**Student:** 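Quick one: this structure, given as structure tokens, is what I'll be asking you about.
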Amino acid sequence: MVHQLAESTDADLGFDLGEVLKIMAATEPSSAVFERCRKVLDGKLEIESSIPKATVRKERRFLTIGIATHNDYDGCYFSVQSLRLYHPEILRDTEILVLDNNPAGPAASALKALESWAPEHYRYLPYSDFQGTAVRDLIFREAAGDFVLCMDSHVLFAPGSLARFIEYCREHPDSNDLLQGPLLWDDLNLSTHFDPRWSLGMYGYWELDERGKDPAAPPFEIGMQGLGVFGCRREAWPGFNPRLAGFGGEEGYIHEKIRRAGGRSLCLPFLRWMHRFDRPMGVPYACNWEDRIRNYLLIHDELGTDPGETIRHFEEFLGEGAARAIVAKVQAELAGPFHFFDAIYCINLDRQAERWAEVQRRFLQLGIDRRVRRFPATETPLNHHIGCALSHRRIIAEAKRQGLKTVLVFEDDVRFTADASEVLELSLRELEGHAWQLLYLGGYLQRETARSVPGCPHLRIPDMITCTHAIAYHHSVYDAILKAVPDNAIDVARWLLRQRGIDQFYTLELGVSSYLTNPVIATQSSILASEEREFEE
């Protein structure tokens, strides 16, 4: 086998995975044989995603202009090119970061290709974990600039406005303020802010403050405005609630978070922008009242404000029956135990749509169908343990990138008990008094190795447990896992020669604080026969 590897130049050389890994384990990484092994394995272990790859992060710039887009190539194209064509004076100091929120969609390849036309300034970032308002949070987390200006993918800026924006930011390097500017309508008239009142299912109505008419006038404070254009110092960004999903509901939200952090919401009269509102070809993403109402109620819950006026408006606007059904579902979600987690993921192979449809039915029964983010599983046909380890590692890396404190991960064959929500709620109450890093909702357990927790009848400590079909991660464990588990299929395959599976690594070597709900509330088909409890179909 060693001779074959050393002599062959055929990229499609047949091989035995186990034998190649044994050779690598016995060979110095700097040797030609080791490198040949890597070449043989390269591209064979993992089925690559069709989603375009992110542009490599560029050098730091003073300003990042971030654009979140969803199937809007034309709008994004003209916005990007207008920045380059009509604001060349800012390009030396500016990164243009395009977040593609549908990187499997028809616009993805064209958006990716723009990096070839503007290699010094343009950066493409695919993101498909979830879609909607809150994805703009990632622009601030990924930005290379000290200040970030976030814009919709169909916005144009008045000449000179961006140069003055950079000048203003340089003059206020420690600003904690949210920075916005007057909207130019299609007739070139202005609006400067939102009046805080309801209209047609939206909180906020465009109004004009006379001080905004003069672009040379000093900045002035406003209560709220739409988020077609907004910016702040990157380190002052307060963040979106990661539980938000879909579109709508953010009006006034970030403004209030900025104020609570000690900043102001300012209108800069010179920062004039035009927004394309008409959509003659239709809106290219799902936009519905359920998402909008849910987002408003989540924001009320986060800020501790009274949702009564919001509920009354939608009862009048949509009808009492329709609005109350949506509100009741959201209130049940807020009161339920799964709201504890910043994000919930479910790992599912792209080619197994039927399994995704089936597990969604189970999530609906739990009332968490709006919470769960589908995560495309890493497919490694020669050894599924490689894909399992990489899928969990990549979710943890994403959780760290998003600043998530807790994340719950399911695999798509998970099944639940009828009392799953009730038991989880009791377990989480007891968990509050403990420093935890992993929480299992089930697993293959050697019961004699599970210890009780004094004073906590709904928690156990599993000294020997395997399976990762329902496991929660606390942020304090992210770095340990990311350091221990390699980030590519070849090195995970080598790592598995010692570990056998990521589940066994967790229980045998990771050495962290792990707990198990008591009783277990989640299982999977492969261990169903060993369970002592009944699980729903």
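These values consider heavy atoms only, across backbone and side chains, with no hydrogens, waters or symmetry-generated copies. These numbers come from a predicted model, not from an experiment.
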**Student:** What verdict does the ring-ring contact (aromatic ring centres under 6.0 Å, His included) test give for Phe317 and Trp289, after you've listed the backbone C-alpha separation in whole Å, the side-chain angles of each residue and the deciding distance to 0.1 Å?
**Tutor:** CA-CA 11 Å; Phe317 181 57; Trp289 293 118; 5.1 Å; yes
**Student:** Please name the pair of heavy atoms, one in Ile222 and one in Cys267, separated by the smallest distance, quoted to 0.1 Å.
**Tutor:**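 Nearest heavy atoms, Ile222 then Cys267: CG2-CB, 3.9 Å.
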**Student:** Do you know which two heavy atoms are closest between His339 and Leu334, and how far apart they sit?
**Tutor:**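 Smallest heavy-atom distance, with atoms named: CE1-CD2, 3.5 Å.
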**Student:** Between Gln180 (side chain only) and Gly226 (backbone N and O only), is there a donor and an acceptor less than 3.5 Å apart?
**Tutor:**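 Answer holds: yes.
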**Student:** Just do the side-chain contact (heavy atoms from CB on, under 4.5 Å) check on Ile51 and Ser128 with the steps written out, would you?
**Tutor:** CA-CA 10 Å; Ile51 290 176; Ser128 58; 4.1 Å; yes
**Student:** Establish, from distance only, whether the side-chain atoms of Thr468 and Glu411 form a donor-acceptor pair under 3.5 Å.
**Tutor:**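 Checked: Thr468/Glu411 side chains pair up, N/O donor to acceptor below 3.5 Å.
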**Student:** Taking Thr406 for the side chain and Asp342 for the main chain, is one N or O donor matched with an acceptor at less than 3.5 Å?
**Tutor:**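 Yes.
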**Student:** Distance from Ile96 atom CD1 to His121 atom NE2, nearest 0.5 Å?
**Tutor:**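 One gets 7.0 Å once the value is rounded to the nearest 0.5 Å.
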**Student:** For Thr64, what residues pass the side chain to side chain donor-acceptor pair (under 3.5 Å) criterion, not counting sequence neighbours?
**Tutor:**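 Counting only residues at least two positions away or on another chain, Thr64 forms a side chain to side chain donor-acceptor pair (under 3.5 Å) with Glu95.
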**Student:** Quick check against the 3.5 Å criterion: does His255 have a side-chain atom that pairs as donor or acceptor with the backbone of Gln225?
**Tutor:**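 Such a contact is found between His255 side chain and Gln225 backbone.
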**Student:** Salt bridge (charged side-chain N to carboxylate O under 4.0 Å, His left out): which pairs involve residues 193-203, sequence neighbours left out?
**Tutor:**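 Residue pairs passing salt bridge (charged side-chain N to carboxylate O under 4.0 Å, His left out), neighbours aside: Asp195-Arg197, Arg197-Glu207.
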**Student:** What do you reckon, is CZ of Phe62 surrounded by more than 12 foreign heavy atoms closer than 6.0 Å?
**Tutor:**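 Check passes, neighbour count above 12.
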**Student:** Would you please say whether a donor-acceptor pair under 3.5 Å links the side chains of His193 and Glu221?
**Tutor:**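 Side-chain D/A pair, His193 to Glu221: absent.
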**Student:** According to the side-chain hydrogen bond (donor to acceptor under 3.5 Å, both in side chains) rule, which pairs have a member within residues 103-119, sequence neighbours left out?
**Tutor:**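 Those involving residues 103-119 are Thr55-Glu115, Lys112-Glu115.
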**Student:** One thing to verify: whether Arg312 and Glu315 come together as a salt bridge, which I'm taking to mean a side-chain N less than 4.0 angstrom from a carboxylate O.
**Tutor:**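 No, no charged N to carboxylate O under 4.0 Å.
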**Student:** Check this for me: does any side-chain nitrogen of one of Asp72 and Arg276 sit under 4.0 Å from a carboxylate oxygen of the other?
**Tutor:**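 Answer for the salt bridge query: yes.
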**Student:** Quick check on Phe416: does its CZ atom have over 12 non-hydrogen neighbours (other residues, nucleotides or ligands) under 6.0 Å away?
**Tutor:**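 Yes, the 6.0 Å shell around CZ holds more than 12 heavy atoms from other groups.
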**Student:** Run the ring-ring contact (aromatic ring centres under 6.0 Å, His included) check on Phe363 and Phe410 step by step: do they pass?
**Tutor:** CA-CA 10 Å; Phe363 294 147; Phe410 294 123; 5.5 Å; yes
**Student:** Only counting residues at least two apart or in another chain, list the ones meeting side chain to side chain donor-acceptor pair (under 3.5 Å) with Gln81.
**Tutor:**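 Side chain to side chain donor-acceptor pair (under 3.5 Å) list for Gln81, sorted by chain: Arg84.
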**Student:** Is it true that Glu302 and Tyr253 share a donor-acceptor pair across their side chains at a distance under 3.5 Å?
**Tutor:**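 Yes, because at least one side-chain N or O of Tyr253 sits under 3.5 Å from a partner of the opposite role on Glu302.
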**Student:** Is it the case that the side chain of Arg371 and the backbone of Glu333 share a donor-acceptor pair, with hydrogens and angles ignored and the cut-off at 3.5 Å?
**Tutor:**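 No, Arg371 side chain to Glu333 backbone: no donor-acceptor pair under 3.5 Å.
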**Student:** Ring pair (Phe, Tyr, Trp, His ring centres under 6.0 Å) with His172: which residues, sequence neighbours excluded?
**Tutor:**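 His172 satisfies ring pair (Phe, Tyr, Trp, His ring centres under 6.0 Å) with Tyr168 only.
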**Student:** Side chains of Gln352 and Trp356: any donor to acceptor distance under 3.5 Å?
**Tutor:**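 No, Gln352 and Trp356 have no side-chain donor paired with an acceptor closer than 3.5 Å.
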**Student:** Name all residues meeting the side-chain contact (heavy atoms from CB on, under 4.5 Å) criterion together with Ile258; count only those two or more places apart in sequence or in a different chain, and write none if there are none.
**Tutor:**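 With neighbours one apart ignored, the set is Leu178, Pro238, Ile254.
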**Student:** Taking the side chain as C-beta and beyond, is there a heavy-atom pair between Arg393 and Pro486 under 4.5 Å?
**Tutor:**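 Counting from C-beta outward, Arg393 and Pro486 never come under 4.5 Å.
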**Student:** So, for Tyr203 and Tyr296, which heavy atoms are closest and what is the spacing to 0.1 Å?
**Tutor:**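 Heavy-atom minimum between the residues: N-OH, 3.0 Å.
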**Student:** Not counting sequence neighbours, which residues clear side-chain contact (heavy atoms from CB on, under 4.5 Å) with Ser199? List them please.
**Tutor:**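 If we apply the side-chain contact (heavy atoms from CB on, under 4.5 Å) test to Ser199, skipping adjacent residues, the hits are Tyr205.
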**Student:** Is it true that Arg401 and Asp129 make a salt bridge, defined as a side-chain N closer than 4.0 Å to a carboxylate O?
**Tutor:**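 No, this pair does not count.
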**Student:** Please check if the side chain of Arg233 supplies one atom and the backbone of Ser175 the other of a donor-acceptor pair under 3.5 Å.
**Tutor:**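 It does hold such a pair.
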**Student:** Specify the closest pair of heavy atoms between Asn71 and Gly105, including all atoms of both residues, with the distance to one decimal.
**Tutor:**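 Minimum heavy-atom contact is OD1-CA, 4.1 Å.
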**Student:** For residues Ala245 and Arg370, report the shortest heavy-atom separation together with the two atoms involved.
**Tutor:**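 For Ala245 and Arg370, the tightest heavy-atom pair comes out as CB-O, 4.4 Å.
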**Student:** Taking Asn241 for the side chain and Ile299 for the main chain, is one N or O donor matched with an acceptor at less than 3.5 Å?
**Tutor:**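 Flag not set: sc Asn241 to bb Ile299 has no pair under 3.5 Å.
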**Student:** Backbone N or O of Ala144 within a donor-acceptor pair of the Arg60 side chain at under 3.5 Å?
**Tutor:**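 Flag set: sc Arg60 to bb Ala144 pair under 3.5 Å.
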**Student:** Residues in ring pair (Phe, Tyr, Trp, His ring centres under 6.0 Å) with Phe130, at least two apart?
**Tutor:**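 Ring pair (Phe, Tyr, Trp, His ring centres under 6.0 Å) check on Phe130 returns Tyr127.
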**Student:** For Phe78, I'd like to know if atom CZ has over 12 heavy atoms of other residues, nucleotides or ligands within 6.0 Å.
**Tutor:**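 No, not enclosed.
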**Student:** What I want to find out is whether Arg57 reaches Glu142 closely enough, with some N-O distance under 4.0 Å, to be called a salt bridge.
**Tutor:**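 So Arg57 pairs with Glu142 through a salt bridge.
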**Student:** Hey, is Arg361 close enough to Glu358 for a salt bridge, meaning N to O under 4.0 Å?
**Tutor:**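 Yes, charged N to carboxylate O under 4.0 Å.
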**Student:** Which heavy atom in Pro103 sits nearest to a heavy atom in Pro126, and how many Å separate them?
**Tutor:**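 Closest approach of Pro103 to Pro126, heavy atoms only: CB-CB, 3.5 Å.
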**Student:** Would you say the side chain of Val414 lies within less than 4.5 Å of the side chain of Arg362, judging by non-hydrogen atoms?
**Tutor:**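 The answer is no; the side chains never approach within 4.5 Å.
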**Student:** Less than 4.0 angstrom from a charged side-chain N to a carboxylate O is my criterion; do Arg294 and Glu290 meet it?
**Tutor:**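 Answer for the salt bridge query: no.
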**Student:** Do Asn101 and Gln131 have side-chain atoms, one donor and one acceptor, less than 3.5 Å apart?
**Tutor:**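 No, because no side-chain N or O of Asn101 sits under 3.5 Å from a partner of the opposite role on Gln131.
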**Student:** Please check if the side chain of Arg272 supplies one atom and the backbone of Ala158 the other of a donor-acceptor pair under 3.5 Å.
**Tutor:**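 Looks like no, no N/O pair under 3.5 Å.
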**Student:** Who passes side chain to side chain donor-acceptor pair (under 3.5 Å) against Lys400, sequence neighbours left out?
**Tutor:**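 Scan of Lys400 (side chain to side chain donor-acceptor pair (under 3.5 Å), adjacent residues dropped) gives Asp479.
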**Student:** Which class fits the ring pair Trp273 and His275: parallel under 30°, tilted 30 to 60°, perpendicular over 60°?
**Tutor:**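 Correct class here is perpendicular.
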**Student:** Fit a plane to each ring of Tyr345 and Phe375, take the angle between them on a 0 to 90° scale, and name the class: parallel (under 30°), tilted (30 to 60°) or perpendicular (over 60°).
**Tutor:**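 Tyr345 vs Phe375 ring planes: perpendicular.
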**Student:** With a 4.0 Å cut-off, would you call Asp412 and Arg374 a salt bridge?
**Tutor:**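 The answer is no: the pair does not qualify as a salt bridge.
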**Student:** Got a sec, which residues hit side chain to side chain donor-acceptor pair (under 3.5 Å) with Gln437, two or more places apart in sequence or on another chain?
**Tutor:**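 Per chain and number, Gln437 pairs via side chain to side chain donor-acceptor pair (under 3.5 Å) with no residue.
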**Student:** Is a side-chain N or O of Asn288 found less than 3.5 angstrom from the main chain of Asp291, in a donor-acceptor match?
**Tutor:**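 Indeed, once roles are kept as given, a pair shorter than 3.5 Å links the two residues.
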**Student:** Using 30° and 60° as the class boundaries, would you call the ring planes of Phe341 and Phe338 parallel, tilted or perpendicular?
**Tutor:**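 Answer is tilted, since the angle falls between 30° and 60°.
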**Student:** Hey, is the main chain of Val372 close enough, under 3.5 Å, to the side chain of Gln360 for a donor-acceptor pair?
**Tutor:**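 No, Gln360 side chain to Val372 backbone: no donor-acceptor pair under 3.5 Å.
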**Student:** Can you list everything that forms a side-chain contact (heavy atoms from CB on, under 4.5 Å) with Leu390? Sequence neighbours excluded, please.
**Tutor:**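 Leu390 satisfies side-chain contact (heavy atoms from CB on, under 4.5 Å) with Glu46, Thr378, Ile386, Arg394, Ala489, Val492 once adjacent residues are dropped.
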**Student:** Test side-chain contact (heavy atoms from CB on, under 4.5 Å) on Ile395 and Tyr473 and set out the steps.
**Tutor:** CA-CA 10 Å; Ile395 289 175; Tyr473 299 91; 5.9 Å; no
**Student:** I'd like to know if Glu48 and Lys53 make a salt bridge, using a cut-off of under 4.0 Å between side-chain N and carboxylate O.
**Tutor:**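 Here Glu48 pairs with Lys53 in a salt bridge, since their nearest N and O are under 4.0 Å apart.
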**Student:** Just so I know, are the side chains of Leu303 and Lys257 near enough to count as touching, which here means a heavy-atom distance under 4.5 Å?
**Tutor:**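 Result yes, sub-4.5 Å side-chain heavy-atom pair found.
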**Student:** Once ring pair (Phe, Tyr, Trp, His ring centres under 6.0 Å) is applied, do any residues pair with Phe270, and if so which ones, sequence neighbours excluded?
**Tutor:**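 Per chain and number, Phe270 pairs via ring pair (Phe, Tyr, Trp, His ring centres under 6.0 Å) with no residue.
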